[in-house]
Amino acid sequence: MSKKWLWILLIIPALIFLGCPSDDDEPVPQRSITITSPNGGESWQTGSIHQVTWNSSNVSTVTIDWSTDGGNNWTNAATNMTNANSYDWTVFQTPASSCRIRVADATDANVFDVSDANFAVVQAAAPDNASGAVRSDNSGTIETPLGARISVPVGAVPPLENGNVGTMVFSVERNNNILVTPPTGEPVISDIYQFGPEGFTFARPVEITVPVPEGQNPEEVALWRKNPTTGQAEFFSSSYDPATRKISAQTFQLSPWFITSRARDARCSGCINVANMSHSSWLMVCVEEYTLLYPEQGDWMPESGSGPLFAPIGTIGWASTGNWYLPQGTFKLCLQRESETNPGRYEHIFMENVVVHQPWHYTNPRCTNISNGSFTSPDTGRCACIPLPTTSVGTGDIQVTLTWYYPLPGVDLDLWVMDPDSEWCGWSNITTVSGGELDRDNKCSNYENGRPENIYWTATPPAGEYIVAVDWWSICGIEEVQSLPFNVRTVVGGVTRTFGGTIPADEYMMEVTRFQITGSSVNFLPPRRDAVHSHRPQMQKN
């Protein structure tokens, strides 16, 4: 063999060996963490629960720390936590102005991020809360010391699923930690009030009332709610009472409400005055179709079914006449009446081409008048634009309700409550020895968006510590969901607290709160993220 061929035979294997990378030469995946909240400028209240959020790449577990001196010293909040890009943090109890959050890879402390700038922790405002129970056959008013109020007319509380009289615990909680996002240029100027219970549609609208802060011009404010289904801020038609400096609106569903500053529009809104000539029956009004004079005022339209409501003289709330505030335009209205002798039976009529053409102002409400004494040739049934009521659930000395929103086919979350005897109440153990009972389970096979799950105590609950947890059971469809916001409302011995959170997909038994009952007192405690619960059954749901 020639030397030439010998060199070729030696060089080729060498080139192959040198040119083919081994497994050890594969590029190492880059790991990163970028905090998105709190990232500077936020103001969070002491003792509140806020979500710390971040973006990450190739990080499986994290450690979270907080600082009150701009990052010079750190206190641990969570260690070796499975990375879900979010963490529900219970804020410490001492106010501080130079706070930061640090999120680090639990396996490599060199991979981390810190809030870009300081955020503040401020002293939580004193509670301004109230709650009370109302039956289907009664009316009621729940009002806080500062004047936030729910007015519940007779018949608003739906019956139970078996048709018996229902009872609901209504609540008003001042909670300025609720995240709301009104349009740019309309800052929130009032306290944010959580009205409850969420997750229910009432048989008749209830009225909510929010005080206008001192020093604010009532001509330049707007009432908003956080839409319970979308989570977006939603403008609401409302009425202002100059004697009490309060704004009121009617709604079929409860959620957080607040007031923003809004520059007055010279065109303003319009007004319809409805006179119910028959004082013995309820009248509801809703919009079927409309053409607005100023199309940009489309966000001024009230929710489906919102409208004036008239009760018999002498009952709570709405008398025989009232105003309804709408944008200027031409409307097709549906008027609905419920039978006085046969509750649950309805008839309705349509009113076409109702024109609202004059600007409204609370000192000069120039309204288009509508009078209706008796229905002429009515159609049977309900107006399509008035929502169907949901049924009530059980309530007792303890009531815990879970609500979440996700369109069909839905996501199956589960509510669990553990009593002081360490017995869990939930879908596979619907009754406990101590009297706990689950009476509604919103699961894939009967899923309804926003339908609440409910656990309550049918007997006097024992003293001791209770644990409330939410479990991610399954995704009902094929869609991939990474996480889901939820609300849990607890009513314990007349004390109401609402807790918001976000549960990651497939999260097992996420604690929401703990509370202790001692005699007649109730003490709420933060959840323990390090607790391990191992009761989940292996059986499948129907």
Side-chain angles (χ1 to χ4, degrees), residues 132-142 149-171 195-209 225 228-229 236 248-255 274 276 278-287 302-312 314-320 322 324 334-349 375 378-395 399 401 403 439-440 448-452 454 489:
V134 181
R135 289 166 46 106
S136 303
D137 53 357
N138 287 329
S139 60
T141 299
I142 295 87
R149 182 177 67 235
I150 304 176
S151 299
V152 186
V154 175
V157 175
L160 295 167
E161 290 184 356
N162 61 12
N164 291 341
V165 170
T167 300
M168 282 189 174
V169 177
F170 289 85
S171 59
F195 291 90
E198 289 191 272
F200 297 92
T201 301
F202 305 113
R204 292 168 178 165
V206 301
E207 186 174 76
I208 65 94
T209 299
R225 74 167 185 174
T229 301
F236 240 73
S248 299
Q250 295 170 11
T251 178
F252 283 93
Q253 295 177 320
L254 294 176
S255 60
V274 184
N276 184 25
S278 174
H279 298 161
S280 60
S281 63
W282 289 86
L283 177 68
M284 302 187 204
V285 181
C286 62
V287 172
E303 67 163 337
S304 172
S306 177
L309 177 73
F310 304 99
T315 63
I316 186 173
W318 303 271
S320 58
W324 187 17
C334 184
L335 282 68
Q336 174 180 295
R337 229 177 226 161
E338 184 176 7
S339 171
E340 184 182 7
T341 56
N342 295 290
R345 294 184 60 181
Y346 300 92
E347 58 184 19
H348 65 274
I349 61 172
F375 282 18
D379 295 319
T380 58
R382 303 171 58 90
C383 293
C385 51
I386 294 179
L388 290 169
T390 54
T391 53
S392 295
V393 292
T395 187
Q399 181 186 5
T401 306
T403 53
D439 64 347
R440 181 171 291 175
E448 295 179 24
N449 188 12
R451 187 171 188 258
N454 186 70
R489 190 181 76 143

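Values below: all heavy atoms of this structure, side chains included; hydrogens, waters and symmetry mates excluded. A quick note: this is a predicted structure, and the numbers were derived from the prediction, not measured.
Pairing each heavy atom of Val157 with each of Val134, the nearest pair is CG2-O, 3.6 Å. Looking at every heavy atom in both residues, Met284 comes nearest to Pro205 through SD-CD, 4.1 Å. Between Arg489 and Pro197, the closest heavy-atom pair is NH2-CB, 3.5 Å.
Evaluation of the side chain to side chain donor-acceptor pair (under 3.5 Å) rule for Thr229 yields no partner, not counting sequence neighbours. In this structure Thr201 satisfies the side chain to side chain donor-acceptor pair (under 3.5 Å) test together with Gln253, sequence neighbours excluded. Residues satisfying the side chain to side chain donor-acceptor pair (under 3.5 Å) test with Glu198, not counting sequence neighbours, are Gln194, Asn487. Under the rule for a ring pair (Phe, Tyr, Trp, His ring centres under 6.0 Å), the partners of Phe170 that lie at least two apart in sequence or sit in another chain are Phe202. Contacts of Arg135 classified as salt bridge (charged side-chain N to carboxylate O under 4.0 Å, His left out), with partners at least two apart in sequence or in another chain: Asp137.
Pro153 has its side chain within reach of Val206: a pair of non-hydrogen atoms, C-beta onward, lies under 4.5 Å apart.
Panel note: side chain Asp439, backbone Gly394; a donor-acceptor pair is recorded below 3.5 Å. Distance alone, capped at 3.5 Å, is enough to place a donor-acceptor pair between the Ser136 side chain and the Gly166 backbone. Although no hydrogens or angles enter the test, the distance criterion places a donor-acceptor pair under 3.5 Å between the side chain of Gln336 and the main chain of Cys383.
Cation-pi contact between Arg225 and Phe236: absent, since separation from the ring centre below 6.0 Å together with deviation from the ring axis within 45° is not met.
Note: Ile142 CD1 to Thr209 OG1 = 11.5 Å, rounded to the nearest 0.5 Å. Here the straight-line distance linking atom CD1 of Ile208 with atom CZ of Arg149 works out to 9.5 Å at 0.5 Å rounding. Interatomic distance, Ser139 OG to Arg204 CZ, rounded to the nearest 0.5 Å: 11.0 Å. Distance check, rounded to the nearest 0.5 Å: CZ of Arg345 to OG1 of Thr380 gives 8.5 Å. Rounding to the nearest 0.5 Å places CD of Glu207 at 11.0 Å from OG1 of Thr251.
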Evaluation steps, side chain to side chain contact (heavy atoms under 4.5 Å, CB included), between Met168 and Thr395: CA-CA 7 Å; Met168 282 189 174; Thr395 187; over 6 Å; no
Trace of the side chain to side chain contact (heavy atoms under 4.5 Å, CB included) decision for Leu388 with Arg382: CA-CA 9 Å; Leu388 290 169; Arg382 303 171 58 90; 3.4 Å; yes
Chi angles and distances behind the side chain to side chain contact (heavy atoms under 4.5 Å, CB included) call for Leu254, Ile150: CA-CA 10 Å; Leu254 294 176; Ile150 304 176; 4.1 Å; yes
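For the cysteine pair Cys385 and Cys334, the distance separating the two SG atoms is not below 2.5 Å.
Applying the side-chain hydrogen bond (donor to acceptor under 3.5 Å, both in side chains) test to residues at least two apart or on different chains, the pairs with a partner in residues 383-394 are Thr391-Arg440.
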